[in-house]
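Reading through the structure tokens given below for one structure.
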There are 2 protein chains.
Amino acid sequence: MARTKEQNEKIRETRKEVIRNAALSQFVKQGLFSTRIQDIATEAGIAQGLLYHYYASKDEIFVDLINDALDKTIGASYSVRDMDTDPCEKIRFSLERLVETIENSQTFLDTCRLITQATNSTAIPQAAQDLIQEKRNIPYQVIEKIMEAGQKEGTIIAGDPKMLAIFFWTSINGLAIYYSTNKNREVKLDYRVIAAMFLIESEREDKNHAKDKTVFK
Amino acid sequence: MARTKEQNEKIRETRKEVIRNAALSQFVKQGLFSTRIQDIATEAGIAQGLLYHYYASKDEIFVDLINDALDKTIGASYSVRDMDTDPCEKIRFSLERLVETIENSQTFLDTCRLITQATNSTAIPQAAQDLIQEKRNIPYQVIEKIMEAGQKEGTIIAGDPKMLAIFFWTSINGLAIYYSTNKNREVKLDYRVIAAMFLIESEREDKNHAKDKTVFK
DNA sequence: GTCTATATCCAGATAGAC
DNA sequence: GTCTATCTGGATATAGAC
């Protein structure tokens, strides 16, 4: 019987994830407030009433999603921070991976849009606002530190590292939203162009040529 | 009596502007859907029912605001396009003005946030979506053309000009939203750092020094 | 666990008095 | 023109049958 209880718990968690995915898709398209519980239930393939067996309210789902989104972003930034290379390469590598992710991961695009939406509104649940307050600056701080180190090293352009970090993330975020909302996708994203913008000229040329050899052999 | 009619029309238009300003402030804070007609009326200092003598619905106000916001952005980009200088200087000058505007104009910050909100949702009124579809790309195209010309001239960095244009606008937009939602304002915005990112190194140094003399004399 | 049916609430929009 | 009071519709959340 103890086993059955565990299994039930697992099934329940799986079901909650289906609901979260449905909710994410709806929130990104319609926003928190014009998404109805009915919309989420329909997309999740269950009856509207049943949703309340898993979540107490629409807000609760939203808070769960925001928390996931922030944790994923923080995790990604930590993995860059902990790389065993110089700052210049960290910037280049992270941009390469982020651009790749924009092109290939719908979840990443949705995550960017959800956080943008949440950051841009004071009407979201208090718990979500608290999470944002608590966690949102971490990725900015990580990149800021890397920019600072790169400037000391002489590989990153001059300027307030805090501003460069904001620039770094808002650009990625902006590209993701642009990419997500312009389905024709007529733009070819090239991480090397973006990376070059943060690097001083000499470094820029040298490393780009080195990169060319490995990436486009 | 014809005169009275004109005056009434003028008063009416003034009153509508008060309502639009109230609505903009609310939409930016709470979003279109969680803003109630009551909220707008209260901020405008009138009764809820009276609002319907000026606007038929909440959506109608929103569409008006989106139209204004898009026209302002387009107007700004045209004034840059029509400047009588080389592309490199156009980029530098427009960034200087835009950063200045971020720091001094609450309306500009609100406008950025409203457009971001609208672009990021499919639940907004159809008329607003049509306006965005029709007008939103113009500022991107204007900057794209300038980037292209600058590349031919040898003053703008390499890369798909379409991507550079997206980068240009998303960065400004991102800075505006960051600035708007982080009231501490601990970051000193410096347009020259941003401008330098779009310019090739030699141009970057020369022109920056020339600029220093005129701007910080 | 899952559904359908329903109670409750609240915001948009209207009506009517002043 | 302006207000208060009210109608109406729709969404959340609950209750109850299976």
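Each chain gets a letter, A, B and so on, in the order its sequence line appears, and its residues count up from 1. Note that the structure is predicted; figures quoted are calculated from it, not measured. Any value given below was found using the heavy atoms of this structure, including those in side chains, with hydrogens, waters and symmetry copies removed.
Contacts of N182(A) classified as side-chain contact (heavy atoms from CB on, under 4.5 Å), with partners at least two apart in sequence or in another chain: Y178(A), N184(A). Partners of S171(A) by side-chain contact (heavy atoms from CB on, under 4.5 Å), not counting sequence neighbours, listed by chain and number: F167(A), F167(B), S171(B). Judged as a side-chain contact (heavy atoms from CB on, under 4.5 Å), and not counting sequence neighbours, the contacts of A123(B) are Q30(A), S34(A), F33(B), S121(B). Applying the ring pair (Phe, Tyr, Trp, His ring centres under 6.0 Å) rule to F62(A) yields the partners F27(A); only residues at least two apart in sequence or on another chain are considered.
A side chain to side chain donor-acceptor pair (under 3.5 Å) check over residues 130-141 of chain B, counting only residues at least two apart or in different chains, returns the pairs N67(B)-K135(B), D71(B)-K135(B), Q126(B)-D130(B), R136(B)-Y140(B). Listed by first and then second residue, the salt bridge (charged side-chain N to carboxylate O under 4.0 Å, His left out) pairs that reach into residues 158-173 of chain B are E186(A)-K162(B), E144(B)-K162(B), sequence neighbours excluded. Sorted by first and then second residue, the salt bridge (charged side-chain N to carboxylate O under 4.0 Å, His left out) pairs involving residues 49-69 of chain B (not counting sequence neighbours) are R20(B)-D64(B), R20(B)-D68(B). For residues 23-40 of chain B, the salt bridge (charged side-chain N to carboxylate O under 4.0 Å, His left out) pairs, not counting sequence neighbours, are R36(B)-D39(B). Screening residues 102-125 of chain A for ring pair (Phe, Tyr, Trp, His ring centres under 6.0 Å), with sequence neighbours left out, gives no hits.
Nucleic acid contact class of R15(A) (heavy atoms, under 4.0 Å, all strands): sugar-phosphate only. T35(A) comes within contact range of the sugar-phosphate backbone alone, with a heavy-atom separation under 4.0 Å but no base atom that close. When heavy atoms are screened at a 4.0 angstrom cut-off, Y54(B) is found touching the sugar-phosphate backbone but no base atom.
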All N/O contacts under 3.5 Å from nucleotides 4-10 of chain C to the protein, with atom names and distances to one decimal?
none

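On the nucleic acid side, DNA chain D contacts chain A at distances under 4.0 Å to non-hydrogen atoms, with the end points of that region at dA11(D) to dT14(D).
I40(B) places its CD1 atom 11 Å from the C1' atom of dG12(C), with the value rounded to the nearest Å. For the pair L51(B) CG and dA11(C) P, the computed distance is 15 Å after rounding to whole Å. Remark: P of dA13(C) and OH of Y52(B) are 4 Å apart, rounded to the nearest angstrom.
The stretch residues 120-131 of chain A has no heavy atom under 4.0 Å from DNA chain D, so no residue of it qualifies as close.
Within the 4.5 Å cutoff, side-chain heavy atoms of V187(A) are placed close to those of L189(A).
Ion pairing of R92(B) with E89(B) is present here, as a side-chain N (NZ or NE/NH1/NH2) and a carboxylate O approach within less than 4.0 Å.
Summary of the strand contacts: S57(B) and H53(B) both lie near DNA chain C, and taking for each the nucleotide with the nearest heavy atom, the more 5' one is attributed to S57(B).
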